[in-house]
Amino acid sequence: MEYLLNPEILTAQIINGLTIGGIYALIALGYTLVYGILFMINFAHGEIFMFGSFGGFAVLTLLSNNGFSTTHPTLSILCAFAAAILISSALGAILERVAYRPLRDAPRLSPLISAIGVSIFLQNAMMLFTRGRMQVYPDIIPENFIEIGWLSISCFQISIILGCLLLMTGLYIFIYKTKTGKAMRAVAENREAASLMGIDVNRIITITFIIGSALAAAAGVMVGIYYTQINHMMGFIPGIKAFTAAVLGGIGNVPGAMLGGFFLGLAEALGVLVMPAQYKDLIAFGLLILVLIIRPKGIMGEVVSERV
Amino acid sequence: METILKTINITKTFGGLIALNQVNFEIKRGMIVGIIGPNGAGKTTFFNCLTGVYTPDSGEILFNGTNINRLKSHQIARLGISRTFQNIRLFNNMTVLENILAGHHCRMRAGLWGVLTRNKRTLREEKDSYAKARDFLNFVDLKGKGDRIAKTLSYGDQRRLEIARALAAEPQLLLLDEPTAGMNPSETGKLTQFVKRIREELGLSILLIEHDMRVIMEISDKVTVLDYGARISEGTPLQVQKDPKVIEAYLGCQEIIINKSNYPANIHSNTDLKSASLK
Amino acid sequence: MIRIEQIFRLTPPKKKILVLFLLVLPFMVGNYWSQILGDIGIYIILGIGLNVVVGFAGLLDLGYVAFFAIGAYGYALLASPQFGIHIPFWLMLPVCIAFGAGFGAFLGTPVLRMRGDYLAIVTLGFGQIMRITLNNLDPLTNGPRGLLRIDPPKIGDWIIDTPIEWYYLIMAGIFFAIFVANRLNDSRIGRAWIAMREDQDTAEIMGINVLKYKLMAFSIGASFAGLGGAIFASRQGSIFPDNFSLMVSINVLCLIIIGGLGSIPGIILGSIILIGLPEALRGVQQYRMLLFGGLLVIMMIFRPTGFIPSARKKIEFKK
């Protein structure tokens, strides 16, 4: 409890919370986008995030092995992001086509089980590929700290928070200002009507998966650079937590997922100040249950009731 | 004759939309009352209020003299109001007989203990229920189709099964929401006779929403007309037919009232219930 | 063409042969396979329980493992040196069933108003909370070190501890579970569940107290897990929080879906495929989960009703 009153620790934890919260938010957006359109939980989204992280890892390792990354560190990192986004987006689009599209009109349980299957498949594919070993992101940029008075902030954290905000702004503009974004909202509102209005629904759904996967991939690379260690199981817990964030914000609601992510990150970071750290994971699930019981529509409360 | 159901000034709004506006209504035991009105007049909302799907914002619903405003749907069913739906809502993957038995659920009493031990009382109750379900099956003329899966029935059979399921709840008041929607004239005629039989043989009071004026004319003792959520007219079918307010409400669709045209049901598409989703 | 479900439809002579076969099976296959059959059997009990929740009542529960854990830890705490309490196994069985049911009702009350996916994710959360709590509630559960030297069942002086003895005990548990599930299915309660699964709002309007029956399904399902948990704990002799990971919930869910949602022969087949097959395929073990994941997807696309779909009983001209 006394930690809560220490400004130094408190600020540090708030920044930690915003960092991890931004990452949750990026992943949560993928859940929310897909749920908004298809009313299904893409259980494999955490694995898409994991693949993105490994994509970035592969490129960075390659670049650091041939020395390119020492001469052009920023460019290398951008390459890693690009590769991760490419891999995850392709994966997302393929998954949608192979595992979800044939089940679009099936009972609700079927796509969920299919998604669980995909999740198991991808985890084990990566496990076979990496032989189950932990992989370590190459150290490309040393971690610098900015000192403001007694406060010291990691540049990584600042870049992650800024990067998340940048991506979210981009997404927001895309959804609310572009024609494709408008089509996405139309499909989410009423798929049949949108199709009758001449919108290519399949294309829009594919685009939705691609965008969600790309955001998850970016989160994956950020996690890799920030925490440096990655493995094939890394998608599971962040996946569930990001889903929690999406639900907190009212699933299907894009700004809600962003807020939900930051909220969850902060709640976790501040929660460990008042309770033993090993109960950290309880915070996410406890919050989830509490919110769903008290306010079943999420904080931002968009209409999410099942269609009758 | 005693009043079985009475509503006093019930009002229901959805956001800014007034779906029911101070509706007063009464039906006496043994009567068949028709409710008509243009699309979106609030007819189905009225049914939804009576069956506890919606709670009215104000006003009172009295069933046999007791206020049922705040009761849950299943409690109302047990008290004795049962209904069908405009867009058929059967338990699609259950058999025909199981659908009827599910309707009879609220008249059965077996609990967990009885089910697990299969004591005498439970067995007797099951046996009686099966017998009753078969009776209802025969009553709606679905004999021999009891073991079919409900969704495989033809459209007309599904409508009749829905009525059988509602009857199996052994109601005192039966609400029929457009029972002849989508039927051809000969099927409509048969169904009209069937509704009469329900009253005569089972002694139920019946409230029905109907667009086909021929049906209304033939079987209703009384007709209530709703428009924009308000009751604008009430009386015998003949009186209502001549009421200028009713003709006004139908805005020139007088053919319907004069009952010559062959598009009575179609002019009001079947969409109003579909969009009015249940809570 | 012979359909799979016809092969598994039990006629009385088939039943006799089957029972005889099951009785002699462990002696034909020996200890190693009896052990595996026991594993499969525990999953069958869990599957039958979860099937009440998912298959009958249509409630997607991804945290079923929580109730399994309650049963296991409930038994382990009251029948091990941990607190020096040694309540006999046979007395603990009904207690653990009650633990499961009570806990199911306790968790179900707040969450059963939610629909579909929300329920799935909240129950998933419960499952995780359970594991984290077991891991950290040191004074009670010993945390990750688990509970050891849990009492085996005894009949007089005879201790049940060989795989073959366990096989018979678990088989008795399965028959009990099937008996209960069948009685429920073919009753007023079972019909109310299916009606609710088909169309919750209509069921309510037709006079079915949906909330009550949801709670009943949830609680009964949980009680099966309590039973399975008690058997699991005393058979293993020691339990650890990691025995109760999300994968257990997912495995049970998958086995009832692969087998055929709502059908008991389906659950049995599903358990054999899911738990037994990987054992049989030890040669390709590292690929088995990969294959399994792919199989789930293929299954959903090409045979979403499972290998042995449930059939509604024909009743018009009976009785």
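Keep in mind the model is a prediction, meaning the values are calculated, not measured. By convention in this document, chain letters (A, B, ...) are assigned in the order of the sequence lines, proteins followed by strands, and residues within each chain are numbered from 1.
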Given a strict heavy-atom distance threshold of 4.5 Å, which part of I298(C) is in contact with chain A: side chain, backbone, both, or neither? neither
For L282(A), is it the side chain, the backbone, both, or neither that has a heavy atom closer than 4.5 Å to a heavy atom of chain C? both
What part of L107(C) is in contact with chain A, defined as an atom under 4.5 angstrom from a non-hydrogen atom: side chain, backbone, both or neither? neither
Report which part of I257(C) has an atom under 4.5 Å of a heavy atom belonging to chain A: side chain, backbone, both, or neither. side chain
Where does I250(C) contact chain A at under 4.5 Å (heavy atoms): side chain, backbone, both or neither? side chain
Proximity breakdown for I113(A) and chain C, heavy-atom pairs closer than 4.5 Å: both
Answer with side chain, backbone, both or neither: which region of I237(A) has an atom nearer than 4.5 Å to a non-hydrogen atom of chain C? side chain
Quick check on A99(A) against chain C: is it the side chain, the backbone, both or neither that has a heavy atom closer than 4.5 Å? both
Roughly how far apart are N136(C) CG and D281(A) CG, rounded to 0.5 Å? 9.5 Å
Give the member of L112(A), N124(A), V118(A), L288(A) that has the highest number of heavy-atom pairs under 4.5 Å with chain C. N124(A)
Taking side chain as everything from C-beta outward and backbone as N, CA, C, O, which of these in F236(A) sits under 4.5 Å from a heavy atom of chain C? Side chain, backbone, both or neither. side chain
Applying a strict 4.5 Å limit to non-hydrogen atoms, the region of P110(C) in contact with chain A is both
Set out, in order, the CA-CA distance, both residues' side-chain angles and the distance that settles side chain to side chain contact (heavy atoms under 4.5 Å, CB included) for F243(A) and L124(C), then state yes or no. CA-CA 11 Å; F243(A) 184 83; L124(C) 188 143; over 6 Å; no
Please identify, among V54(C), N135(C), V122(C), L295(C), the residue contributing the most non-hydrogen atom pairs under 4.5 Å to chain A. V122(C)
Using side-chain heavy atoms (C-beta onward) and a distance below 4.5 Å, is F121(A) in contact with V297(C)? no
Under 4.5 Å heavy-atom distance to chain A, tell me which part of M299(C) shows up: side chain, backbone, both or neither. neither
Specify which of I116(A), L122(A), T244(A) makes the most heavy-atom pairs with chain C at under 4.5 Å. I116(A)
Closest heavy-atom pair, M300(C) versus L103(A), reported as atoms and distance to 0.1 Å, is O-CD2, 3.2 Å
Quick one, L290(C) with M127(A), criterion side chain to side chain contact (heavy atoms under 4.5 Å, CB included). Give me CA distance, side-chain angles, the key distance, then yes/no. CA-CA 10 Å; L290(C) 191 77; M127(A) 186 189 78; over 6 Å; no
